[in-house]
Amino acid sequence: MRGTGAHNDDERRRTPVRLFNSLNRRLEVFTPMHGNAARVYTCGPTVYNYAHIGNLRAYLFADTLRRTLQWNGYDVTHVINITDVGHLTSDEDAGDDKVELAARSKKSSVYDITEKYTSAFFDDLEALNIRPAAMYPRATQHIQEIIEFIRVLDRRGYTYELKGGLYFDTSKVSNYGQLGALDLESQLAGARVAADPDKRQPWDFSLWRLSPPDGTRLMEWDSPWGKGFPGWHVECSVMSLKYLDGPFDIHTGGIDHRQVHHPNEMAQNQGYLGDSEPGARLWAHSEFLIMKDRKMSKSTGDFWRLSSLVDRGVHPLAYRLFLFQAHYRSQVDFSMEAVVAARVLLERILRRVAALVAEAGEDGAGLAMLSRQAASTTGGSYDYLRSCYEDGLGTAGQQAIREFAEAVSDDLGTPRALAVLSSVLSDQDIPALDALKVIGVFDLVLGLDLLTLDPRDLVIRPADAPLGNDDVEALVAARQQARAARDWQRADEARDRLTEAGVLVQDGTATVPTTWSWQIRD
Ligand code: AMP
Ligand code: ZN
């Protein structure tokens with residue numbers, strides 16, 4: 001259970017975690033439904049294309065939530081689904097199936113498409129230090145269970161059939177739309193009626209869609225309502241309730257899900273579990289990343305991926321830090337300048353950590369090892385790691401941890417948490433080893449590899465750089481030698497070549513070595 005070794009529950013300081021619940025638009029203290037378990041479901045990607053850097057914000061938010069809960073001693077089970085069928089080009093139940101459309105236009109099999117983008121999604125999560133979920137269930141692997149779930153709704157009178165398939169009758173549940181604070185009549189009537197004018201309510205949605213008669217569907221299954229495929233919303237009800245074992249604690253997703261996908265999931269859950277049971281206690285949504293002058297739509301295929309940043313020389317963890325600078329419930333404007341500034345900040349933090357490690361000597365190196373272990377930790381050993389770090393920590397360090405705890409436990413206040421980190425880095429009253437311990441504790445939540453990343457790891461060669469890193473090292477060394485020999489011509493030549501190649505050189509001093517980095521382009 002929670003405490004380990006010398007640290008039991010009483011000794012361990014836990015901060016109540018307050019979270020914003022979209023259901024009643026209030027901050028609530030998180031209280032698990034069962035004991036110490038926090039069961040969290042996150043709506044995952046529709047795998048018809050790569051995730052863009054905006055999509056990744058939704059998973060970073062879920063990761064921060066999960067880490068914060070683990071950090072506070074909860075046993076977290078986190079499930080992220082993979083949508084590989086049924087998500088139409090419009091959330092409002094119209095258009096083509098995104099995955100099928102991609103398979104047809106790329107002349108690939110559906111399987112190849114979904115495998116390719118699922119695996120790319122996992123790569124992105126790993127690069128961003130987003131801890132793996134306990135499982136990633138796929139819709140296509142749950143079709144029979146989905147059919148069973150729909151049959152229950154059907155038997156209980158929550159459905160009706162139209163020529164396109166089986167629909168959920170939202171008038172049969174109480175408070176439909178409460179989650180999105182939907183002003184149904186005025187806001188959505190126009191938008192959602194277009195899909196099927198015969199629907200009883202414009203906001204009713206498909207549970208099962210029939211295949212078109214022309215035989216063009218690639219993925220289809222027999223069902224009591226005819227050959228077809230499940231609607232998008234029903235997979236999440238089925239898989240969340242299955243893998244989290246009934247009504248669960250927290251459901252997360254991007255803010256757009258608050259309006260359509262999640263109200264529909266909730267209505268299905270009410271039909272299945274009982275009208276007063278929405279399925280999840282707390283519904284949490286992260287705001288969008290906005291790109292003013294750039295496209296940010298996954299469906300157009302013209303968007304920024306994490307690899308677009310890496311190709312320009314940005315380390316993925318600099319992007320992680322960039323996102324932490326805003327609260328998850330605020331929109332973030334993407335700009336390369338801001339991402340570059342985050343990279344500079346991360347480098348500054350890492351240099352300061354390196355200085356602290358040098359100052360702390362052998363003990364500092366020991367902590368870095370512990371941190372390597374932390375990096376591979378996914379589950380309950382947070383308590384163990386925290387107690388290792390906190391062992392023998394002085395009062396100033398303990399106070400810093402309390403401040404950090406207040407920040408992250410207050411609706412995941414990452415900007416405030418970063419401010420606490422920065423004050424620890426400049427606080428002369430905290431001994432070096434204690435500062436490192438505190439940073440180790442913070443990094444269990446931040447996941448920025450603060451004790452293990454070398455500042456030089458941030459030097460990422462842009463994909464189109466004309467020189468290799470080794471060439472740059474050689475030129476920088478040649479310039480240094482030429483300067484030492486007062487051969488100004490040769491030193492200038494080397495500098496010109498470096499500048500042309502987009503390399504920035506920061507000249508050192510007697511005590512600080514010369515460093516260089518790639519200039520990051522927009
Ligand atoms: P999708 O793969 O399209 O189903 O979207 C995956 C996740 O990304 C969902 O939680 C969306 O709400 C979220 N999302 C979509 N666009 C953005 C954006 N621009 N910024 C942040 N999150 C987004
Ligand atoms: Zn979902």
Side-chain angles (χ1 to χ4, degrees), residues 22 40-65 79-91 95 97-99 101-102 113-114 117-118 120-122 124-125 128 130 133 136-139 142 146 179-180 205 230-244 248 250-269 279-280 283-292 294-306 319 322-323 326-334:
S22 296
V40 183
Y41 183 87
T42 295
C43 284
T46 309
V47 284
Y48 69 102
N49 206 337
Y50 295 108
H52 60 55
I53 53 176
N55 298 136
L56 293 173
R57 186 176 189 211
Y59 307 110
L60 177 64
F61 155 63
D63 183 60
T64 312
L65 170 64
V79 174
I80 303 180
N81 73 301
I82 303 287
T83 298
D84 53 2
V85 68
H87 193 171
L88 302 188
T89 42
S90 156
D91 278 3
D97 184 312
K98 293 183 180 196
V99 169
L101 195 64
I113 290 285
T114 57
Y117 295 119
T118 303
F121 173 66
F122 291 153
D124 286 343
L125 297 191
L128 277 175
I130 291 174
Y136 297 93
R138 288 155 213 231
H142 295 79
I146 289 172
L179 180 63
F205 55 90
W232 169 40
H233 317 296
V234 67
E235 65 167 90
C236 283
S237 282
V238 170
M239 298 192 289
S240 61
L241 297 176
K242 173 175 178 176
Y243 292 108
L244 294 174
F248 54 96
I250 305 178
H251 196 314
T252 86
I255 192 79
D256 53 334
H257 289 346
R258 199 174 63 182
Q259 303 303 114
V260 182
H261 184 48
H262 288 174
N264 293 353
E265 250 186 87
M266 193 179 284
Q268 293 165 159
N269 294 346
W283 298 71
H285 296 100
S286 52
E287 255 296 352
F288 266 28
L289 178 82
I290 304 294
M291 287 187 136
K292 278 215 188 83
R294 300 183 174 98
K295 288 218 182 79
M296 192 57 156
S297 156
K298 200 163 143 175
S299 54
T300 63
D302 174 19
F303 55 77
W304 279 48
R305 296 170 49 194
L306 189 59
Y319 182 60
F322 161 76
L323 289 178
H327 189 265
Y328 76 89
R329 283 195 290 118
S330 312
Q331 276 191 359
V332 167
D333 255 330
F334 175 85

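In listed order, ligands and their atoms are each counted from 1.
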> Closer than 4.0 angstrom: is that true for some heavy atom of His52 and an atom of ligand 1?
Replying inline: yes
> With distance as the sole test, does Ser240 use its side chain to make a donor-acceptor pair with the main-chain N or O of Ser237 at under 3.5 Å?
Replying inline: yes
> Closest non-hydrogen protein atom to atom 13 (C) of ligand 1, residue and atom name please, with distance?
Replying inline: Asn55 ND2, 3.8 Å
> So is Gly254 polar-close to ligand 1, meaning N/O to N/O under 3.5 Å?
Replying inline: yes
>> Before you tell me yes or no, could you show the steps for Asp63 and Tyr59 under side-chain contact (heavy atoms from CB on, under 4.5 Å), namely the whole-Å CA-CA distance, both residues' side-chain angles and the distance that decides it to 0.1 Å?
In response: CA-CA 6 Å; Asp63 183 60; Tyr59 307 110; over 6 Å; no
> Under 6.0 Å between ring centres, would you say that holds for Tyr117 and Tyr48?
Replying inline: no
>> Ring-plane angle category for His52 and Phe303, please: parallel below 30°, perpendicular beyond 60°, tilted otherwise.
In response: perpendicular
>> If the test is side chain to side chain donor-acceptor pair (under 3.5 Å), which one of His262, Arg258, Gln259 qualifies with His285?
In response: His262
>> Which label fits Tyr319 and Phe322: parallel for a plane angle under 30°, tilted from 30 to 60°, or perpendicular past 60°?
In response: parallel
> Mind checking whether the Zn ion (ligand 2) has an N, O or S of His262 under 2.8 Å?
Replying inline: no
> With ring centroids as reference points, do Tyr243 and His142 lie under 6.0 angstrom apart?
Replying inline: yes
>> Check this for me - ligand 1, Ala58, N or O atoms closer than 3.5 angstrom, yes or no?
In response: no
> Which atoms of ligand 1 have any heavy atom of Leu289 under 4.0 Å away?
Replying inline: 18 (C), 19 (N), 20 (N), 21 (C)
> What protein heavy atom is closest to atom 21 (C) of ligand 1, reported as residue, atom name and distance in Å?
Replying inline: Gly54 O, 2.9 Å
> With a cut-off of 4.0 Å, which atoms of ligand 1 are near a heavy atom of Asp256?
Replying inline: 11 (C), 12 (O)
>> Are His257 and His251, when compared by the centres of their aromatic rings, separated by less than 6.0 Å?
In response: no
> Hey, what's the angle at the Zn ion (ligand 2) spanning SG (Cys43) and NE2 (His261), nearest 10 degrees?
Replying inline: 110°
> Do Arg57 side-chain atoms and Phe288 backbone N/O form a donor-acceptor pair below 3.5 Å?
Replying inline: yes
> What residue and heavy atom of the protein are closest to atom 9 (C) of ligand 1, and at what distance?
Replying inline: His257 NE2, 3.5 Å
> Between His233 and His261, how do the two ring planes meet: parallel, tilted or perpendicular, split at 30° and 60°?
Replying inline: tilted
> Short list, please: which atoms of ligand 1 are under 4.0 Å from a heavy atom of Tyr59?
Replying inline: 6 (C), 7 (C)
> So between Tyr48, Phe288, Phe61, whose heavy atom ends up nearest atom 18 (C) of ligand 1?
Replying inline: Phe288
> Considering only the protein, which heavy-atom contact is closest to atom 4 (O) of ligand 1, and what is its distance?
Replying inline: Thr46 OG1, 3.3 Å
> Can an N or O of Gly253 be found at a distance shorter than 3.5 Å from an N or O of ligand 1?
Replying inline: no
> What's the shortest distance from atom 2 (O) of ligand 1 to any protein heavy atom, and which residue and atom give it?
Replying inline: Lys298 NZ, 2.6 Å
